[in-house]
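Accompanying notes for the structure given below.
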Number of protein chains: 2
Amino acid sequence: MSSPSSPAKPPTRTPTRGRPPKLDPDRTIATALDLLNEAGLDALTMRRLAEAMGVQAGALYRYFATKQDLLTAMAERMLADRDTAAPEGAGQGWDEELAGLARALRAALLRHRDGARVFAGTYSTGVNTLGFAEALIGTLREAGFNSGDAAQAMLAVVSFTLGHTLEEQAALSGEAPADPERLRQAVTESAFPHLTAAVPVIADADFNAHFEFGLRLLVDGLRALER
Amino acid sequence: MSSPSSPAKPPTRTPTRGRPPKLDPDRTIATALDLLNEAGLDALTMRRLAEAMGVQAGALYRYFATKQDLLTAMAERMLADRDTAAPEGAGQGWDEELAGLARALRAALLRHRDGARVFAGTYSTGVNTLGFAEALIGTLREAGFNSGDAAQAMLAVVSFTLGHTLEEQAALSGEAPADPERLRQAVTESAFPHLTAAVPVIADADFNAHFEFGLRLLVDGLRALER
DNA sequence: ACCTGAACACCGTTCAAGT
DNA sequence: ACCTGAACACCGTTCAAGT
């Protein structure tokens, strides 16, 4: 119907007409997350991101005042994958609901290379980040915990999950820094009898099992608090 | 007795004679930790460290192949402050011993600006780092836990402590990124009822209480595992 | 053996100027 | 309004050359 036969007078209705912007925040964040997956956090530079967007580096600063702001937006976006509509493990008791939320956070961080490092280095107050906290605290309060305990439990779960995933991704994505062989060698050289006995469990790098163990401790600890 | 009266022939015994090296690894690490405290991790550059050592930047690479290696040595040194001789909370039962070790790790990280970030970004296999793991695993094994549980519990305690201290230092050392006021505002703007109820506890920033709460959950969780 | 000087290949960020 | 071009003040790392 309104197909433009002659572009004499540009219609004022469609504001993206004339010169459509090459840059928009959403696509920039998406491209940055792609670049993160391909090259890692250390290689994610404003200049390389600009190149990927077909633009000069300085142009990025029209939408993000600083690289930190971009990273914060990326961290916030990472948590968007969570199923906010149907809470994980719903209708299975607060313990499984809580575990489901912790697993969802870990999964969201694992979904992107260096995801935990990005998350740890930023402080988002976006809906996804706050929504996660809301869900976790809500689960516990509705189970009868007071808001103080619920809040502190949420902080403990987030700290543990962040710390765990940080080490997990450092061990995996790292080229060589977290070499399990170097650990084995260093342990046997020094005289660490207890560590020597434990090294098969540590060096097997079964991160799922390690995460579940720590998560279980936190959940059981909360159950003990219930009386 | 053997005081050098005339330096005619440099004695082959004292190798530090002639031209004493301006650089040695120990002093370099100590200076780097000082610089870290004064300026923070982002301002800790090889060039600024070289300046503080009275040397050209390239000279640092004779003792540290890369900046990562320097940071790893710094992380290892940070844990040296721990009382390795007398384990924290010794003779008070495994639970207080474990808590003492976790508190010592947090204290060691807090002792330096961005200490948790330095620790998180490196992977040391030095005696201090391994000695800490040895002490924690030893405490649990001697209390009757099997080596698998002891190892996984150690990983959980380290992950939680690291994650917690990371957030603590980000909130404190950060110029503005972790503004509690911004959190309050963001929470009340959106509709997060549970979070609204919990925000006084979260935003009070009583990190000691938050750490002790999480630590208690882990310890109680381990007690539940004991049967 | 230990360090200097100087370079290489980058960074994040700013800002006048163009369209 | 949106982006370019170009600069500023830096980076980590390498390496011939000096002493």
Side-chain angles (χ1 to χ4, degrees), chain A residues 7 10-29 31-32 35-36 39-74 114 117-118 121-122 174-177, chain B residues 7 10-29 31-32 35-36 39-74 114 117-118 121-122 174-177:
Chain A
T12 51
R13 263 304 181 77
T14 52
T16 49
R17 265 309 191 75
R19 266 216 266 66
K22 307 169 77 169
L23 238 35
D24 83 291
D26 277 3
R27 264 192 56 246
T28 305
I29 294 166
T31 307
L35 190 53
L36 180 68
L41 182 54
D42 293 334
L44 175 64
T45 68
M46 296 300 267
R47 295 173 120 101
R48 286 182 53 144
L49 175 57
E51 191 184 18
M53 299 291 294
V55 104
Q56 295 291 101
L60 295 171
Y61 289 82
R62 190 159 301 270
Y63 302 98
F64 301 95
T66 161
K67 189 182 181 180
Q68 264 300 319
D69 287 4
L70 208 218
L71 289 168
T72 302
M74 289 168 67
D114 295 328
R117 257 171 85 200
V118 171
T122 59
E175 283 79 40
Chain B
T12 50
R13 263 305 182 77
T14 52
T16 48
R17 266 308 191 75
R19 266 215 263 69
K22 306 168 77 169
L23 239 35
D24 84 291
D26 277 3
R27 265 193 56 247
T28 305
I29 295 167
T31 308
L35 191 53
L36 180 68
L41 182 55
D42 293 334
L44 174 64
T45 69
M46 295 301 266
R47 295 173 119 102
R48 287 181 54 145
L49 175 57
E51 191 185 16
M53 300 290 294
V55 103
Q56 295 291 101
L60 295 171
Y61 289 82
R62 191 159 301 272
Y63 302 98
F64 301 95
T66 162
K67 188 181 182 181
Q68 265 299 320
D69 287 5
L70 207 219
L71 289 167
T72 302
M74 291 168 67
D114 295 328
R117 255 171 86 200
V118 171
T122 58
E175 283 78 41

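In this text, all values refer to a predicted model and were calculated from it rather than measured experimentally. Below, read A as the first sequence line, B as the second, and so on, with proteins coming before strands; counting in each chain starts at 1.
In this structure, the nucleotide among C/dC3, D/dG12, C/dG12 sitting nearest to the side chain of A/K67 is C/dG12. Between C/dA7, C/dT4, C/dT13, one nucleotide has an atom nearer to the side chain of B/Q56 than all others, and that is C/dT4. Considering only the side chain of A/L23, D/dC3 comes nearest among D/dG12, D/dC3, C/dT4. Closest to the B/R47 side chain, of the nucleotides D/dT4, D/dC11, D/dA7, is D/dC11. Relative to the side chain of B/K22, the nucleotides C/dT4, D/dG12, C/dG12 differ in distance, and C/dT4 lies closest. Side-chain proximity of A/Y61 to the nucleotides D/dC3, C/dC3, C/dT13 is greatest for C/dT13. Listed candidates were C/dC11, D/dC3, C/dT13. Nearest to the side chain of A/A57 is C/dT13. Checking C/dG12, D/dT13, D/dC2 against the side-chain heavy atoms of A/R62 singles out D/dC2 as nearest.
Pairing each heavy atom of A/L41 with each of A/D114, the nearest pair is N-OD2, 2.8 Å. Looking at every heavy atom in both residues, B/A57 comes nearest to B/A50 through CA-CB, 3.5 Å. Contact detail for A/L23 and A/M53: the closest heavy-atom pair is CD1-CE, 3.6 Å.
Side-chain contact check for B/L60 versus B/K67: every heavy-atom pair is 4.5 Å or farther apart. Between B/T45 and B/E51, every side-chain heavy-atom pair lies at or beyond the 4.5 Å cut-off. Side chains of A/T122 and A/D69 form no contact here, defined as non-hydrogen atoms less than 4.5 Å apart.
Residue order along DNA chain C, read from the 5' end via each residue's closest nucleotide, puts B/G54 first among A/T45 and B/G54.
Contact annotation for A/Y63: backbone-only contact, meaning every heavy-atom pair under 4.0 Å involves sugar-phosphate atoms and none involves a base.
DNA chain C forms stems at C:4-8 with D:12-16, C:12-16 with D:4-8, each a run of 3 or more consecutive Watson-Crick or G-U wobble pairs whose two key distances fall under 3.5 Å.
B/L60 has its CG atom 13 Å from the C1' atom of C/dT4, to the nearest Å. One can place CG of A/D69 at 13 Å from C1' of C/dG12, the figure rounded to the nearest angstrom. Distance CG (B/L44) to C1' (D/dC10): 15 Å, rounded to an integer number of Å. Between B/R48 atom CZ and D/dC10 atom P there is a gap of 9 Å when expressed in whole angstrom units. Note: CE (A/M46) to P (C/dT14) measures 10 Å, nearest angstrom. We find that CD of A/E51 is positioned 13 Å from P of C/dG12, with the value rounded to whole Å. When the P atom of D/dC3 is taken as reference, atom CZ of A/R27 falls 10 Å away, rounded to whole Å. Rounded to an integer number of Å, the gap from A/L49 CG to C/dT13 C1' is 15 Å.
The same atom, P, is picked in C/dA9 and in D/dA9; the two are 23 Å apart, to the nearest Å.
For B/D26, there are no side-chain hydrogen bond (donor to acceptor under 3.5 Å, both in side chains) partners two or more places apart in sequence or in a different chain.
Proximity of A/T66 to the phosphate of C/dT13: a side-chain N or O atom is located under 4.0 Å from OP1 or OP2.
With respect to A/D24 and A/R62, no salt bridge is recorded, no charged nitrogen being found less than 4.0 Å from a carboxylate O.
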